[in-house]
Engineer: 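The structure that follows is given in the form of structure tokens.
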Amino acid sequence: MPVCVFSEGAGPGAQVPAHLTRIPIALITTSTDCSNKTVKGKVVKKCPLVSLASDNVILKTVIQEEDSPPNSSSQSPSINVILFGALAKDFNQTVNQGDVVVASGFTVGKSPTVHKDKLHPCNLLLSGDDACIYVTLLPPPLLDPRSPPAAKRSSALSAEVSRATKAPKYTYVRLGDLKPGTVVNVYGVVVFFKQPFKSRGTDFCSSLKITDQSNQKIGCTIFCQLEDHPKIFQIGDIIRFHRVKTQSFNNSITLVTSFGFSVLVFDGAEGGSMEPRTSSRSFHIDQEDRQTVEELRSWAAKQALVPPVPTIPLSAVSPKAYFDLTCQLLAKAPIDTTCTLLRVWDGTRCPHTLLNVIVERNVTEGPTSFSQERESLIANILVYDNHTEFARQLKPGDFLRIYNLRAIPGSSKVPGLTSSQSEEVDHLAFHLHGGTAYGRGIRVLPENSPAVQELKRVMEAFPEDDKDELNDSEMLDIWSTPPEFLEAGAVECSTERSCGHDTQLVTLSEVKRSDPGRVHHVRVQLRSYEPRRLHQALKLYCSKCTSMQDVPDDELVAGLFSEAFKDSGPCSPPPWAVSGRVNAPGDSPGSPKRTLSVHMSTQLMSEDKSKELIFLMGSTLEETRRLAAGYRNIVPVMSSAGHLALLDLLAPFLFRGRKTYYGCKRCSEAAVREPSCAEGVEMIDEKIIAQALGVQLLQFVLLMNLQLQDATDTLDVFLWRDAEAFFGVLAEDVAANQEAQNIIHQTMDSLCPAEGSTGGHPWMDLCLTAYRAEDDEEQNQTYYQICHSTVTKPFSAQSNANPA
DNA sequence: GTTTAGGGTTCG
């Protein structure tokens, strides 16, 4: 029973078994006795499921303790968890980021990524029949900034029960069949809704109207605490009420919340997410619920209930119109007691001149000024009366939907401070008038909502606003040295070209205007680069299928080793091998020594080259790394169906000192074979071994994206094929040693210092090639790559690094 | 197992 789901509704049943006791993450060590222990935490990271050649799968996740027990530290510790096989598959399907899980039946290993991720020094390994994950499905992030902290909900687990047990059956009444004076459960499609507002009583009140296949439109009034109100984002959303009472009002039936009321809201789009929006600490949805939602979705799609364009981007607003706007808040400022200014953008440019509002700097929350580029995209929204109270809770960066916003053309008086613009100028002002008519109001959208995802995609087209352009002295820096007027050599450059091209210096804007397939010489500064973390720039490249992949995470590789170790049954060595055992390198001198089985080529033994190459079985990743110091070549192997086999090719197939070598899964036909070491070959290297094993060797490469700048433009270029020459280091060395990594860090730091403006960055002489990607005909995009260029003065920062 | 509200544009 690998993954056990807890949710609402059932009687006493499968809880986390009582004989299991929970241990705090902080107290886990490799010597912890894990039997009958559990670890509980919220899933803060869920990596993709990775398939292994051996018909197995592996998945890495990170869980964080939310409510550290009293005897643990006050921080919230996180730990890596590696899942194998069916458990990994189930977890992948069932569990989402944000869910709270309880793990049992795990073993504790040393986390090989502790230095990189700074998480717990151990990891939890879950595989086999004993391993189990209990999960409490949690709703997506709550929308209301005043929603209760997660800790409040985290104790729910013990009160909840497994989906496997029988849940009480809910019956849902069609809206056409409602009778007054009853308490019912209903489903409906939202056709109108209003944001909650404070009632004169103890609760917040919101009203909405829903419909279903019976075509009745039923008004609903909700009274409850703010966070429990239905999280409706737009007309068309689907709502499920439990325990609402029917009332007769004005000759029609209305629904009102009654005791024990609960509500879920689903996206109304056909094929949309089935994850309900709710603050409910426990709820239950089953296959029937999903079917009801899908039926309502497809019915509604044919009814024209949903406005064709639910929200309008700034680029499409028309004067005088009311519209809904999905946007990001950049800054806000109170104007007076009845009015607040919200500065927002949505990544589109409004064709009308927008109202310019001037406010004092010291009352603004968020940046007081933006680059000219960004400023031209910003809409100033004035929100009045009841909405100012809600606006107070908003934070710059929040994603918002503003309902029933009005675009007012012509002159507008702004209370308090006057606009700098002439009242004669034709411009648009955005007002969110007081009151709640037509659902007028503001809602914070969660990051994971489709609307926000789409918004972010549009916004990504704009560079980060680092305000370089704002600062006059910085501008001067850039403009005072326009490269097109420079004599070659007049400016000190940090790089030099080694190509033989006879080409004049050109500006970046000229480069952009040129056709692809050409070579350009430019003099530029480095504005920014990606990735900022070196290990993300390191890739594995297959020269055969030209695919590029990330270097597998240590945690995953360590998992592969421990799986291989577990699976290793009896195994007959190949006829060409001699078998023996070596001591596993242990770190605690007192602990009993484990021995590992090794296989060596008889021929190499006879040539007295026994240390040249060993096939090592049953070692951990860490042990393999340690043993690699004493043997020239180590090939980790496992037992598969009684024979020696290589590990999954996601793991390195070869260890040579501090270097590791990987094979291409697609292009290799790997098997354990004896390297035919031709006579006269002095050294067995990775190529010989790869060839013998049928492994297509992957090559370490560096891949970075650099944003260049000169006085005329900016340009994104790749540094890849000539990256090693550029830095003067081998990617293979970067993967293996700190010194090579330091060279790259120092080079990038000197070309693009963290402090100061781009205008102060050193100039670079570069050779660029412009090309179209072969498989990218549709996009027709031109790419640029730095070639034949080398950094000459990488360490200018070191010159003053010697204080007396 | 109580109360609240019961949609329908705009002062700015």
Side-chain angles (χ1 to χ4, degrees), chain A residues 178 180-184 188 190-211 217-226 228-230 232 234-235 239 242-262 305 307 312 317-325 333-342 355-359 380-388 391 402-419 421 423 427-442:
Chain A
L178 294 172
T182 55
V183 173
V184 293
V190 175
V191 293
F192 167 79
F193 67 105
K194 214 178 227 199
Q195 300 303 325
F197 56 94
K198 188 92 187 70
S199 76
R200 282 173 225 252
T202 57
D203 294 322
F204 277 77
C205 173
S206 68
S207 52
L208 59 138
K209 200 166 261 181
I210 59 174
T211 189
K217 291 198 172 55
I218 301 293
C220 314
T221 307
I222 317 289
F223 294 109
C224 60
Q225 291 308 298
L226 188 55
D228 297 327
H229 277 263
I232 303 168
Q234 62 187 14
I235 288 169
I239 199 160
H242 281 176
R243 293 169 289 266
V244 284
K245 61 179 179 237
T246 54
Q247 279 182 355
S248 206
F249 180 76
N250 281 348
N251 294 327
S252 53
I253 293 221
T254 57
L255 294 170
V256 187
T257 47
S258 82
F259 184 74
F261 142 87
S262 78
L305 299 170
I312 301 275
V317 296
S318 20
K320 292 187 185 167
Y322 289 93
F323 66 106
D324 295 350
L325 177 69
I335 301 287
D336 64 23
T337 52
T338 65
C339 181
T340 298
L341 169 69
L342 301 181
L355 174 74
N356 187 10
V357 184
I358 298 172
V359 291
N380 290 310
I381 296 177
L382 296 165
V383 309
Y384 288 96
D385 303 340
N386 52 320
H387 308 300
T388 59
I402 304 178
Y403 300 92
N404 199 237
L405 189 58
R406 191 170 189 212
I408 300 179
S411 65
S412 302
K413 281 255 193 284
V414 177
L417 291 151
T418 49
S419 159
Q421 290 167 319
E423 294 194 3
H427 65 257
L428 273 190
F430 295 107
H431 287 218
L432 187 67
H433 293 299
T436 61
Y438 280 86
R440 191 177 303 141
I442 304 175

Engineer: For A/Ala333, which residues count as a side-chain contact (heavy atoms from CB on, under 4.5 Å) partner, sequence neighbours excluded?
Structural biologist: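 For A/Ala333, the residues satisfying side-chain contact (heavy atoms from CB on, under 4.5 Å) (neighbours in sequence not counted) are A/Val359, A/Val363, A/Thr364.
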
Engineer: Please list, chain by chain and in numerical order, all residues satisfying side-chain hydrogen bond (donor to acceptor under 3.5 Å, both in side chains) with A/Thr246, sequence neighbours excluded.
Structural biologist: A/Thr182

Engineer: What I want to check is whether the side chains of A/Asn250 and A/Ser252 have a donor and an acceptor closer together than 3.5 Å.
Structural biologist: no

Engineer: Could you check how far NE2 of A/His431 sits from C1' of B/dG12, rounded to whole Å?
Structural biologist: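 Spelled out: NE2 on A/His431 to C1' on B/dG12 is 6 Å.
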
Engineer: Which atom pairs, donor and acceptor, lie under 3.5 Å between side-chain atoms of residues 201-211 of chain A and protein residues at least two apart or in another chain?
Structural biologist:
{"residue": "A/Asp203", "atom": "OD1", "partner": "A/Gln225", "partner atom": "NE2", "Å": "3.2"}
{"residue": "A/Ser206", "atom": "OG", "partner": "A/His229", "partner atom": "ND1", "Å": "2.8"}
{"residue": "A/Thr211", "atom": "OG1", "partner": "A/Gln216", "partner atom": "O", "Å": "2.8"}

Engineer: Could you tell me which residues satisfy ring pair (Phe, Tyr, Trp, His ring centres under 6.0 Å) with A/Phe323, sequence neighbours excluded, listed by chain and number?
Structural biologist: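 Partners of A/Phe323 under the ring pair (Phe, Tyr, Trp, His ring centres under 6.0 Å) test: A/Phe430.
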
Engineer: Base contacts versus sugar-phosphate-only contacts with protein, heavy atoms under 4.0 Å: please encode nucleotides 2-7 of chain B as B, S and - from 5' to 3'.
Structural biologist: -BBBBB

Engineer: A/Asn386: which residues meet the side-chain contact (heavy atoms from CB on, under 4.5 Å) condition with it, sequence neighbours left out?
Structural biologist: A/Thr436

Engineer: Specify the separation, in whole Å, of atom OH of A/Tyr403 and atom P of B/dG8.
Structural biologist: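 Between P of B/dG8 and OH of A/Tyr403: 17 Å.
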
Engineer: Rounded to the Å, how far apart are A/Arg440 CZ and B/dT9 P?
Structural biologist: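 Computing the A/Arg440:CZ to B/dT9:P distance gives 9 Å.
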
Engineer: Any base atoms under 4.0 Å from A/Gly219, or only sugar-phosphate, or nothing? Heavy atoms, all strands.
Structural biologist: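 If one applies the 4.0 Å heavy-atom cut-off, A/Gly219 turns out to touch nothing in the nucleic acid.
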
Engineer: Glycosidic conformation of B/dG7, syn or anti, with 90° from 0 as the boundary?
Structural biologist: anti

Engineer: Roughly, in whole Å, what's the span from NE2 in A/His433 to P in B/dG12?
Structural biologist: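 Taking NE2 of A/His433 and P of B/dG12, I get 8 Å after rounding.
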
Engineer: Rounded to whole angstroms, how far apart are OH on A/Tyr322 and P on B/dG8?
Structural biologist: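 About 13 Å, once rounded to whole Å.
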
